[in-house]
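I have placed the structure first, in the form of C-alpha cells, so that the comments after it can refer back to it.
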2 protein chains.
Amino acid sequence: MNVVDAIVRKRNGETLPDDLIRGLVDGYVEGAVADYQMSAFLMAAFLRGLDGAETAALTDAMLRSGTVLDFSEIPAPKVDKHSTGGVGDKVSLVLAPLAAACGVVVPMISGRGLGHTGGTLDKLESIPGFRTDLEEPVMHRQLAELGVVMVGQSARIAPADRGLYGLRDVTGTVESIPLIAASIMSKKLAAGLDGLVLDVKYGSGAFMQDEADARRLAETLVGVGVANGCPTVALLTSMDVPLGRAAGNWPEVAESIRCLRGEGPRDLERLSVELTAEMLVLGRLEDDIGAARSRVRRAIADGSAIERFRLLVEAQGGDLSVIDDPDMRSGAEPVFDVRSDVAGIVQSIDAREIGLACVAMGAGRALKEDGVDPVAGITLNKTVGDPVGRGDVLARLHGSDLDRVRGVAERVASAFRWGPGTPSQRPLILGRFAAGSWSAVGG
Amino acid sequence: MNVVDAIVRKRNGETLPDDLIRGLVDGYVEGAVADYQMSAFLMAAFLRGLDGAETAALTDAMLRSGTVLDFSEIPAPKVDKHSTGGVGDKVSLVLAPLAAACGVVVPMISGRGLGHTGGTLDKLESIPGFRTDLEEPVMHRQLAELGVVMVGQSARIAPADRGLYGLRDVTGTVESIPLIAASIMSKKLAAGLDGLVLDVKYGSGAFMQDEADARRLAETLVGVGVANGCPTVALLTSMDVPLGRAAGNWPEVAESIRCLRGEGPRDLERLSVELTAEMLVLGRLEDDIGAARSRVRRAIADGSAIERFRLLVEAQGGDLSVIDDPDMRSGAEPVFDVRSDVAGIVQSIDAREIGLACVAMGAGRALKEDGVDPVAGITLNKTVGDPVGRGDVLARLHGSDLDRVRGVAERVASAFRWGPGTPSQRPLILGRFAAGSWSAVGG
C-alpha cells in the first residue's frame with residue numbers, strides 16, 4: 001500500500017476501498033504508517049468525511065487490531081448497551097443486572113469518566129472492594145454463571161483505537177461523527193455481541209449539542225453495527241437535565257439500587273426499562289417490544305433484578321452491606337445543602353453545569369491521571385416543574401473535601417432556571433433508529 | 001499558544017492571525033509542535049486554504065527560522081529570479097551574468113533537479129571544477145566584486161521550510177498553492193533582496209498543468225513578496241515544449257554559452273532578455289521596460305554578458321577552457337541520433353516526455369540521493385514547425401552510459417507530435433502580474 005496515495009485520495013474527496021483503509025490501520029499499528037501520516041489522514045477524513053462503508057471498514061480494522069472476545073460457548077444471546085454519555089446517566093448500573101435477570105447475557109466493557117460526564121467504571125469502584133479488572137477466563141466463567149460482567153477495557157481490546165484516539169486528541173480531529181462512531185463501535189464489537197443497543201444523547205449535558213448531529217451519529221453507529229454483522233438499534237434521548245436525581249459516583253450507585261428495587265426516579269426507570277426491553281428483542285427473547293417491557297418491569301417488581309445486582313457485586317468482590325443499605329456507605333451522607341435565594345417554579349436544570357460541578361468536587365477528572373472521590377456528588381432535591389420557596393433546599397452535596405464541596409454551591413444554585421409557570425420539556429426518548437429508519441417510541 | 005486550538009480554527013475555516021501562524025512555525029522548529037500536529041495543520045490548510053495575509057505570515061515565519069542574508073553593504077540593487085521549473089529551462093545561467101553585466105547584483109541561491117525538470121546547481125556542476133558550496137564571506141566578496149554569485153542553499157537558510165517540505169512530501173500536502181508559495185518565497189526572501197522576478201510556467205513540462213492554477217500561484221507569490229517588503233513581478237510563461245534546443249546538464253550549459261554570445265535559440269533569448277529587463281526595472285536601473293530590454297540586448301551584443309559568465313566560472317573554480325570552447329568538454333559529443341520513421345511537420349514536442357527521457361539517461365534524479373551524469377541530455381535537431389522527412393535526425397543524444405542513452409531513443413521519438421500543416425502555438429510569454437493586475441507583454 002502507498003500511504004501517501006491513500007492520504008491524497010481521501011484529501012481529494014475520493015471514497016477509499018476497504019483494503020486501503022485496512023492497510024492504513026494495520027500499517028499504523030505495525031509502525032509502517034507514521035503518526036504524522038495518520039494525523040494528516042485523520043484531518044482529511046474529518047474534512048472530506050467517510051461514508052458508511054468506509055466507517056464500517058475503519059471500525060472493522062480497528063477492532064481486529066486486538067483481541068476479539070468470543071462468548072459463543074454461552075448459548076444465551078449476548079447483548080450490550082452503549083451510551084454516548086450524559087450527566088447522571090447511571091442506566092448501565094440498572095440495565096446490566098436487569099437484562100441478565102431477564103435472560104440476556106451482558107458482557108459490559110465500560111470506560112472511565114472524562115470531561116463533565118461520569119464513567120461506569122468509576123461508579124462501580126465507589127462500591128468498596130468492587131474490582132473491574134477481571135482476567136478473561138474469570139469474565140467467561142462469571143458470564144456463564146451470572147449472565148453479567150462489568151469490566152474495564154483491557155489493553156488488548158482495539159489497540160488501534162487507543163492510538164488513534166490519542167492522536168485525534170492532540171491534532172484537532174475529535175469531533176468527527178465517522179471517527180467517533182468507529183472509535184465507539186470498534187471497542188463494543190470486540191466483545192463478540194449478538195446485538196447492541198445505543199443510547200445517543202443530545203442536549204446541554206451531552207457531547208452532542210445539536211439534534212441533527214446526534215441523529216447522524218445514531219445513524220452512523222447503527223450502520224457500522226449492522227455492516228459488521230451485529231444487529232444494532234439506537235434510541236435518541238434528551239440530555240438537557242440530569243438523568244434521575246443523583247450525579248457523582250456513589251450517589252448514582254445508591255440511586256441505581258433504589259431503581260432496581262422499583263423506587264427509582266421515573267425518568268431513570270423509564271429509560272432503563274426501554275433500553276433493556278430493546279436488548280430482549282435484539283436477543284430474540286421477546287418478539288414484541290411491549291411484551292419485553294412487561295417482562296423487564298416484572299424483573300424489577302419480583303426482586304430478581306436487585307438480586308442479580310447483589311450477585312454481580314458479590315462476584316466482583318464488592319461489599320454487599322452497602323448494597324443492602326446504601327446509607328451505611330461511609331461518607332455517603334450529604335455534607336452541605338444548597339438553598340434557593342429565589343422563589344419560583346424550576347424551569348430547567350443545566351445538566352452540563354451539574355456535571356462540571358461534580359468534577360470540581362472531585363467526582364470526575366480534569367486529567368486522565370487524576371483520581372476521583374468516590375462519594376462526591378449531588379442529589380437534586382428539586383427538579384423541573386417543582387415549586388420552590390425562598391430558603392428551600394435545592395440540592396444536597398456529598399464529598400470528602402468540604403472546601404471543594406462548598407466551592408461549587410453557587411454553581412449548583414445557578415444551574416437552576418426559574419420562571420413563573422409550568423415549564424415545557426422535551427420528551428425523554430425522542431426517537432428510535434433501526435433498519436434504516438426513524439420511528440417514535442411508545443410505552 | 002494552544003496548538004490544538006490553532007489546528008481546530010484552521011480546520012473550521014477561520015483565518016488565523018499572524019501571531020498564531022508564527023507560533024506554529026516557531027514551535028515546530030523548536031520541537032514544541034509535533035510532526036503529527038504540523039501535518040494535521042498542513043492538511044487543514046491544504047483543504048481550507050490560506051489567504052494572502054496568512055501565506056505572507058507563514059513565509060515570514062519560515063524565512064526567519066534561519067539566517068537572513070544581508071548584502072546591504074553593496075550599494076547596487078540586489079535582484080534575483082525564480083522559475084517554477086520547466087524542461088530545458090536554463091534561463092538562470094544566461095540571466096544571472098547578463099543582469100550583473102547590466103549593473104544588477106544577483107545573489108542567486110538555487111536547488112538541484114528532482115522530477116522531470118533540471119536544477120541550476122546540477123547544470124553549473126557539469127562545468128568541471130565549478131563549486132556551488134561557497135562560504136558566506138566568500139559569497140559576499142564575490143558579489144561585491146563581480147555582482148553575481150550562484151550557490152546552493154545552505155542548511156542555515158529557512159530550516160523550517162526543509163522540515164515542512166519533508167513533511168508535506170510524505171503526508172499528501174504538496175500541491176497547495178499557498179504552501180508552495182511560502183516554500184519558494186521563504187528561501188528567496190532570505191537572500192535579502194531589493195526585488196524578485198518570477199517565471200511561473202505552465203504546460204506539459206511544468207509542475208502546473210493548468211493555466212488558472214498557474215495564475216493563482218503567480219498572484220500568490222507576488223502577494224507574498226510585496227507583503228514582505230520585496231517588490232515582485234511575475235511572468236506567466238508557456239512550458240509545452242522544451243525551452244531552447246538542449247535538455248540535460250552540460251547540453252544546457254553549452255546552449256547558455258551560445259545564448260550569452262548572441263547565438264542562442266530565439267525562445268531562450270527572448271525569455272532571458274525579458275526576465276533580465278524586469279530585473280533592471282525592479283532594481284531602478286531603468287524606468288522603462290523597453291529601454292531595459294535594449295540595455296540587456298546590448299550587453300549580449302557587446303560581449304560583456306559572456307565575459308561576466310567567464311568571470312563567474314573562474315571565480316567559482318570552473319574550467320574556462322570548456323566555456324571558451326564547449327565542444328572541448330570531454331564526453332560532450334552526441335553518441336546516438338534519433339531518426340524519424342515518419343514524414344510530416346512537427347506540431348509539438350512533449351516537454352514532459354523529453355524531461356523524463358533525460359532523467360532516464362542519468363541527467364536527473366529518481367531519488368534525492370542519486371548522482372547525475374553531467375553530460376547526459378538531448379539536443380533537439382528539429383523543432384515545432386519544422387518539416388521532417390523519413391530518416392531525418394530528430395534529436396541527438398548525449399551521455400556516458402550508451403545503454404541508458406539507447407534505452408530512451410524510442411521515448412524521445414514518441415515525444416514528437418506530427419501533422420500535415422503549420423502548427424499553432426501559444427505565445428511564450430502569456431502575461432505579466434504586478435501591482436495587483438495582469439497585463440500583456442510586448443517586446
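The analysis underlying the following values was restricted to heavy atoms, covering all of them including side chains, and did not include hydrogens, waters or symmetry mates. Proteins come first, then strands; the chains are lettered A, B, ... in the order of their sequence lines, and each starts at number 1. Just so we're clear, the structure is a prediction, and the values are computed from it rather than from any experiment.
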- line: When the 4.5 angstrom heavy-atom criterion is applied to A:Val170 and chain B, the contacting part is both
- prompt: Can you find a side-chain donor-acceptor pair between A:Tyr28 and A:Asp35 that sits under 3.5 Å?
  reply: yes
- request: Below 4.5 Å from any heavy atom of chain A, which atoms of B:Asn12 appear? Answer side chain, backbone, both or neither.
  value: neither
- prompt: Salt-bridged, B:Arg215 to B:Glu219, with N to O below 4.0 Å?
  reply: no
task: Using the side-chain contact (heavy atoms from CB on, under 4.5 Å) rule, pick out the option among B:Val8, B:Leu16, B:Val4, B:Thr173 that qualifies with B:Phe41.
output: B:Leu16
task: Could you pull out the closest heavy-atom pair between A:Ala57 and A:Asp18, with the gap in Å?
output: CB-OD1, 3.7 Å
message: Can a donor-acceptor pair be found, under 3.5 Å and without considering hydrogens, that links the side chain of B:Ser186 to the backbone of B:Ala182?
response: yes
- prompt: Which atoms of B:Leu167 come close to chain A, meaning under 4.5 Å heavy atom to heavy atom: side chain ones, backbone ones, both, or neither?
  reply: side chain
Leading residue by heavy atom contact count with chain B [cutoff under 4.5 Å; candidates A:Ile7, A:Val3, A:Asp169]: A:Ile7
message: Counting heavy-atom pairs under 4.5 Å with chain A, which one of B:Met43, B:Arg11, B:Lys10 comes out on top?
response: B:Arg11
- request: Measure distances from B:Phe46 to the heavy atoms of chain A and classify the residue's part below 4.5 Å as side chain, backbone, both or neither.
  value: side chain
- request: Salt-bridge test for A:Arg64 and A:Asp26: reply yes if a basic N is under 4.0 Å from a carboxylate O, no otherwise.
  value: no
field: Region of B:Arg9 in contact with chain A, defined by heavy-atom distances below 4.5 Å
entry: neither
